[in-house]
Amino acid sequence: MTPATLLLALSLSLSAQASDPATIVAGRVVDAATGRPVSGAVLWTAGSAVAEPGASGRVRVITNAAGRFVFRGVAPGALVLTAIKAGYVNATTGQRRAGGTGQPLHIDGIHRVEDVEIRMWKFAAVGGTIVDEYGDAAVSVRVQALRRTFVAGRARFEEAASAVTDDRGVYRIGGLTPGEYIVRIPSTQTSVPSELMDAFFGGTPLPETQRALVSREMNVIGSVIAPTGSGHAMRAGNATWSLPPGSLTPAASGTGTIVYPTVYYPAAVAAAQASVLALRSGDERPDADMQIRPVAGLSVSGTVLGPGGGVPITAVRLVPAQDEGTTTPLSVATTMTDWSGAFTFPAVPPGQYSLRVVRVPRPDPDVEGTPRVSTAPGGRMTIASNAPAAPAPPPPVPADATLAAQVPLSIGDSAIDDLVVPLAPAARVSGRFRFLGTRDLPTPETIAGMRVVLTPADGSGIAAPDEVARGVHANEDGTFRTYGFPPGRYVLDVIPLSSRSGWYLETAMAQGRDVADQPFELTAKDVEDVLITFTDRPSAIGGTVTGTRGGDGSALVVAFPVDDALWTTASRRIRGVRAAEDGTFTIHALPPGDYRVAAVQDDTVGEWNDPALLRALAAVGRTVHVLEGERSDVALRAASITIK
Amino acid sequence: MNRRSTALLSVSLSLAAPVHAQVRDARPLAATGTGTIIGTVVTGDAQPRPVRRAVVTLNSVPSLVGRTTVTDDEGRFTFAGLPEARYSLAATKRGWVTGSYGASAIGRPGRTLPLAAGSRASVTIRMAAGAVIAGTIVDQFGQPLAGARLRVMKYGYSALTGDRRLNQVGFSSSEPDDRGAYRVYGLAPGDYYVSVTSNATPLASGRDLHLTSDVDVEDALQAAQRADTTPPADVAQPNVGFAQIFYPGTAAVAQATPITLRAGEERTGVDFLVSYSPTVHVEGTVTSPAGMPVAARVSLVANDPTSPSMGIESIHSTTASVDGRFAFSEIAPGPYVLSAHGSLPPEAPDTRPQVLTGTTDLDVTPDGANGVVLALQPGLTVSGVLRYEGAAAGPNLSSLRVSLAAEQSGSGVTISTASGTTVKDGQFTFTGVSPGRYRLSVGQTVPPAPWRVRSATMLGQDALDLAVEVRQNVADAAITLSDQLSALTGRLESAGAGAAASDTMVLFSTDRAHWRPQSRRIMTSRVATDGSFAFADVPPGDYQLAPAEDVEPGEWFDPAFLQRLSPAAIHVTIAEGENKVQNVRLGG
């Protein structure tokens with residue numbers, strides 16, 4: 001088409017004034033590495049361009065053999081396309097790396113778009129063969145891949161994906177986004193007091209409430225509830241092993257019981273000594289072989305004591321004493337106390353451990369339910385209790401204290417049978433929300449939907465029941481009181497950080513310090529009168545990244561505190577955003593303070609939490625003073641950096 | 001299947017116990033004793049090798065003793081401190097076919113071992129490595145399929161309907177991975193059918209799925225290049241979905257090719273192609289009595305008696321909107337059952353919410369189904385009393401669960417209220433029961449308790465063995481428990497040293513009305529290695545007793561099978577509280 005014709009065509013359409021609601025958006029999906037088309041990818045739409053419920057653009061489309069797709073009937077607005085395909089990371093328009101931030105398409109309703117390109121990056125995969133101590137294939141064993149991430153200023157490994165070995169001992173973990181990984185075979189023993197397992201299947205059934213209490217706690221620790229003749233529960237004296245599918249079976253040896261401990265590729269007992277695999281898009285590592293070797297386990301038993309004597313039906317966990325370097329601690333062994341507070345771990349490998357008990361006050365479980373309907377395979381629908389209703393509000397936090405204990409334990413070459421674990425009331429954090437500003441206050445329902453969460457400041461995760469780990473909901477009047485936490489350093493968070501009604505977390509003052517950003521020490525004493533303040537005038541940093549030809553839409557902008565002491569906690573102050581197509585960017589809701597802001601090419605960085613990256617960026621960034629309630633603007637150019 | 005010709009069957013009757021009402025010993029079997037069973041688990045091939053780390057389970061028949069242990073490095077195991085009883089033993093290991101003590105072949109059920117007090121038995125359990133099916137599944141572009149789900153099936157008797165249909169077997173495997181490769185292992189010998197279904201995008205499901213055609217693309221490119229304002233041509237966009245495809249690549253079970261596996265066989269290259277097929281919409285409204293708004297959950301379930309028992313993906317569920325409208329997309333044409341349930345808020349604070357239900361058959365044509373109306377009706381109430389009559393101390397009634405089970409229709413799709421409810425002060429109540437045919441009973445405890453259900457009636461009719469039509473509220477349900485337990489034991493003797501003894505005894509009612517799935521008047525007993533068999537807790541009545549061999553699980557509920565056994569069966573009458581002894585001699 002000649003420029004003259006183009007001009008004519010444009011002026012014709014402009015004079016038509018009304019936008020064409022039946023806009024076509026067409027394009028193709030290609031493999032980012034090879035440039036070849038990706039057929040059979042499924043795309044769906046989101047965004048204001050297809051917001052109408054009956055919009056003809058709200059469909060899913062499968063690409064043809066040439067990788068092409070067509071969406072018809074797209075209204076003007078922002079259009080977000082997502083593409084999925086087996087073996088590839090989910091992709092969208094504007095991405096520059098696997099799983100990177102994309103940029104929506106802007107549909108003006110005048111032009112039909114025919115040249116959208118979505119690039120898809122392949123997942124990486126790691127696999128190998130697992131054998132046992134005899135060299136025989138280890139079958140149906142779970143293997144996990146953990147990805148390096150940065151939490152609280154240090155590298156930690158987070159569970160990413162897992163797979164199960166087949167009859168040859170071969171496993172393959174696909175679906176890995178590019179990054180650095182370690183591989184491990186996790187081993188957790190679960191056992192319960194034999195008298196409790198027998199109570200479900202013995203001649204004298206327990207009363208319903210007691211049975212419900214025991215089965216609830218067995219669910220918490222992940223124990224199966226099965227008869228000892230089923231192959232899923234194996235009695236070993238006072239303790240009955242729970243053998244769910246995929247567990248590494250303990251066995252009797254001449255002198256005692258042998259168990260398989262956790263092993264990291266290639267043959268390490270701790271994450272710190274594991275080999276780190278750097279996987280890029282499309283990498284296949286089929287040689288991560290490992291061997292599982294059993295060790296003799298020793299029996300550890302004792303009693304958990306509380307203010308009123310033995311503490312019954314409570315989970316007891318053993319985790320490695322040393323910080324594993326993962327984001328959640330892997331329990332080596334878990335059991336629960338019987339009715340008198342006694343517990344037994346039947347076979348623990350020698351080593352250094354921390355024994356942890358967190359007893360959360362819980363109301364008795366509800367035994368009688370109302371009718372519910374479920375549909376089973378074969379088309380048989382059964383009505384047994386609740387019909388659909390609104391989700392129940394979260395139960396209020398009981399007034400009783402949480403009891404906790406954390407006891408170091410060293411297991412050498414002899415069994416331990418007289419352990420006493422005294423529980424002490426754990427400190428709670430309480431306080432209230434405050435909303436400073438002129439906006440409408442959030443509704444009581446919105447406030448009740450916000451959770452106050454405490455997490456260990458070093459990012460090691462907490463070995464405790466869900467109620468403690470997930471945080472507690474605020475009351476409708478904005479007050480809150482958490483369950484108790486064992487002594488340690490914690491970071492306080494509110495989830496969600498901002499409410500849709502436009503309120504943003506500003507500070508959380510406890511004992512004169514802002515604990516929303518900095519860790520605080522929790523001892524045995526309750527922390528009261530924490531004041532969590534929300535503002536409706538959040539601060540922001542905005543601006544434009546310019547390149548050689550105007551706005552640089554390929555940039556990633558990172559803002560972080562000038563003071564590197566603040567790099568160690570929650571990500572509230574370390575933020576990264578992708579520039580829009582025209583190079584503009586905005587970082588919303590930053591707490592006031594001094595920041596360095598820098599721009600880099602999006603495809604050159606992985607984790608922007610990485611302190612090494614932040615140091616490199618600090619050298620090329622610009623300083624911005626963020627004042628309360630104000631937006632600071634800054635002009636940037638994308639820089640190239642070297643990360644040491 | 002091998003059917004023993006039972007034309008000649010001689011019978012010897014010997015009654016060792018007096019024929020009068022006898023209360024069975026109410027004390028359960030002691031959990032410990034002085035017997036010992038030691039054994040080894042070995043492979044089943046010509047040169048048997050020990051199997052390490054096999055999980056061995058021991059269960060007494062009836063199941064009062066249950067133990068688990070693991071074999072050592074030499075494949076050995078020991079169970080000590082066992083009371084006198086009949087025991088079954090099994091060995092499992094991941095990737096292996098479960099071996100049962102006394103089984104005639106790999107994967108077959110085993111025999112029980114009688115153990116006397118203080119004695120010591122030595123056994124061998126044979127296991128075989130499981131067979132393997134492996135292959136690749138791709139779509140019509142030769143690419144792996146997103147969200148693919150593999151199913152491996154075998155013909156067997158359905159526990160729900162009693163007929164022979166394809167049932168999914170539990171297996172260990174990996175789902176097709178991101179290259180489309182799969183591997184299924186640990187299979188027993190037999191004939192298998194492999195199928196694949198897919199949910200193309202678990203996210204954004206509920207939206208139509210279109211396949212981009214070349215016409216579509218051509219037209220779009222031309223429209224874009226025209227740069228004028230004429231509306232683009234309306235290109236037909238048929239909705240597609242994934243039907244279940246069976247190996248080697250057909251949607252019809254009748255054309256599927258079974259994969260026959262021998263013990264330990266590895267069959268690779270079981271590859272096939274899955275392609276898209278047209279799908280349609282189903283839309284309609286749910287109405288409630290007096291037009292009251294009710295939050296209803298609507299389900300659409302495929303109802304094709306010829307197709308294999310369905311997995312969870314063949315059940316479509318959605319929630320109707322406030323005005324009762326519902327819609328399903330990505331539905332393959334065919335016969336369905338549409339059902340809905342919802343509840344109204346309780347009338348008084350402490351009462352239960354009222355449950356409304358409705359169901360209808362729906363034939364979905366290739367044009368889809370619009371304007372379907374489903375009326376919800378209040379569920380019925382069934383209430384009654386639970387009593388215990390007996391000399392010995394009875395069970396704590398409030399620890400028991402009463403069950404109301406719907407009778408299965410032939411197609412296998414039934415809406416039922418098979419709820420359990422507990423008993424308060426001897427009273428029980430079911431609410432929200434949809435009209436239909438039901439049986440009433442009390443759930444058994446594990447281990448079995450020394451009482452049984454003597455009778456259960458509704459509307460004055462037997463509801464224990466036969467189903468009762470429930471169309472209005474029932475207030476006269478009554479269940480009576482009794483401590484009068486009856487049993488049948490005996491010995492199967494075969495004339496002639498070389499005659500192979502049958503491995504199963506079948507006891508079935510003479511009344512054909514009782515020949516239905518899960519009937520309590522059809523029982524089987526494995527024959528122990530010494531020929532003894534036992535039926536515990538037999539409901540009093542008239543029965544036929546016959547030996548059988550190589551019986552498939554659930555086959556004994558098939559009326560045709562019982563019909564074949566009848567000519568050779570002997571008649572046995574069991575009175576209430578009687579411990580009958582009946583020996584059977586085979587051979588001529």
Side-chain angles (χ1 to χ4, degrees), chain A residues 9 12-13 16 20 22 24 26 39-40 42 44 58-65 68-70 72 84-87 112-114 123 134 139-140 163-164 166-167 172 174-175 201 203 205 227-231 233-235 249 251-252 370-371 373 375 377-384 387-388, chain B residues 28 53 55 57 59 66-68 70 92 94-95 132 139 141 143-144 146 160 172 177-178 183 185 200-201 204 207-212 216-217 220-221 223-224 227 229 231-232 295 297 299 301 309-312 315 339 341-343 352-353 355 399 412-419 432 446:
Chain A
L12 269 176
S13 60
D20 178 3
I24 294 175
S39 52
V42 179
W44 72 88
R58 284 172 72 88
V59 294
R60 291 175 287 163
V61 165
I62 306 174
T63 58
N64 67 0
R68 292 191 170 277
F69 61 87
V70 177
R72 293 169 181 274
I84 75 166
K85 171 76 189 174
R112 292 168 185 150
V113 186
E114 52 150 322
F123 280 121
Y134 297 100
V139 182
S140 274
V164 170
D166 65 17
D167 58 308
R172 182 171 181 278
F201 306 104
T228 44
S230 64
M234 184 165 74
R235 196 185 175 120
T249 317
T370 39
V373 183
T375 325
R380 181 185 193 183
M381 199 157 95
T382 55
I383 302 178
Chain B
R53 305 272 185 277
V55 175
T57 56
N59 284 288
R67 308 262 183 99
T68 303
V70 180
T92 58
R94 289 184 224 114
V132 173
D139 63 14
F141 303 111
Q143 304 279 313
L160 294 177
S172 310
D177 65 15
D178 51 342
R183 189 179 174 91
Y185 57 91
T201 43
R207 295 192 188 182
D208 292 339
L209 184 63
H210 297 160
L211 188 54
T212 308
D216 207 352
V217 172
L221 290 180
T229 55
R297 187 107 186 118
S299 297
V301 182
S309 50
M310 294 299 187
I312 210 82
I315 300 167
S339 64
H341 70 275
S343 68
R352 293 188 188 166
V355 175
S399 70
V413 180
T414 313
I415 313 308
S416 75
T417 42
S419 52
V446 176

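Quick caveat: nothing in here was measured; it's all calculated off a predicted structure.
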Work out which heavy atom in B/Val55 is nearest to a heavy atom in B/Thr68; give both atom names and the distance.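 B/Val55 and B/Thr68 have their closest heavy atoms at CG1-CG2, 3.5 Å.
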I need the minimum non-hydrogen distance between B/Arg94 and A/Ser140, along with the two atoms involved.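 Nearest pair, atom of B/Arg94 first, then A/Ser140: CD-CB, 3.0 Å.
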Is A/Ala163 in contact with chain B via its backbone, its side chain, both, or neither, using a 4.5 Å heavy-atom distance?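 Neither; nothing under 4.5 Å.
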Side chain, backbone, both or neither of A/Ala65 within contact of chain B (heavy atoms, under 4.5 Å):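 A/Ala65 touches chain B through backbone and side-chain heavy atoms alike.
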Would you please test B/Asp177 and A/Arg172 for salt bridge (Lys or Arg N to Asp or Glu O under 4.0 Å) and show each step? CA-CA 9 Å; B/Asp177 65 15; A/Arg172 182 171 181 278; 3.7 Å; yes
Show your reasoning for whether salt bridge (Lys or Arg N to Asp or Glu O under 4.0 Å) applies to A/Arg72 and B/Asp216. CA-CA 10 Å; A/Arg72 293 169 181 274; B/Asp216 207 352; 2.9 Å; yes
Would you mind telling me which of A/Asp167, A/Thr249, A/Thr63, A/Val113 has the largest number of heavy-atom pairs within less than 4.5 Å of chain B?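 Most pairs with chain B among the choices: A/Asp167.
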Segment of B/Val132 engaging chain A (4.5 angstrom heavy-atom cut-off):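 The side chain, not the backbone.
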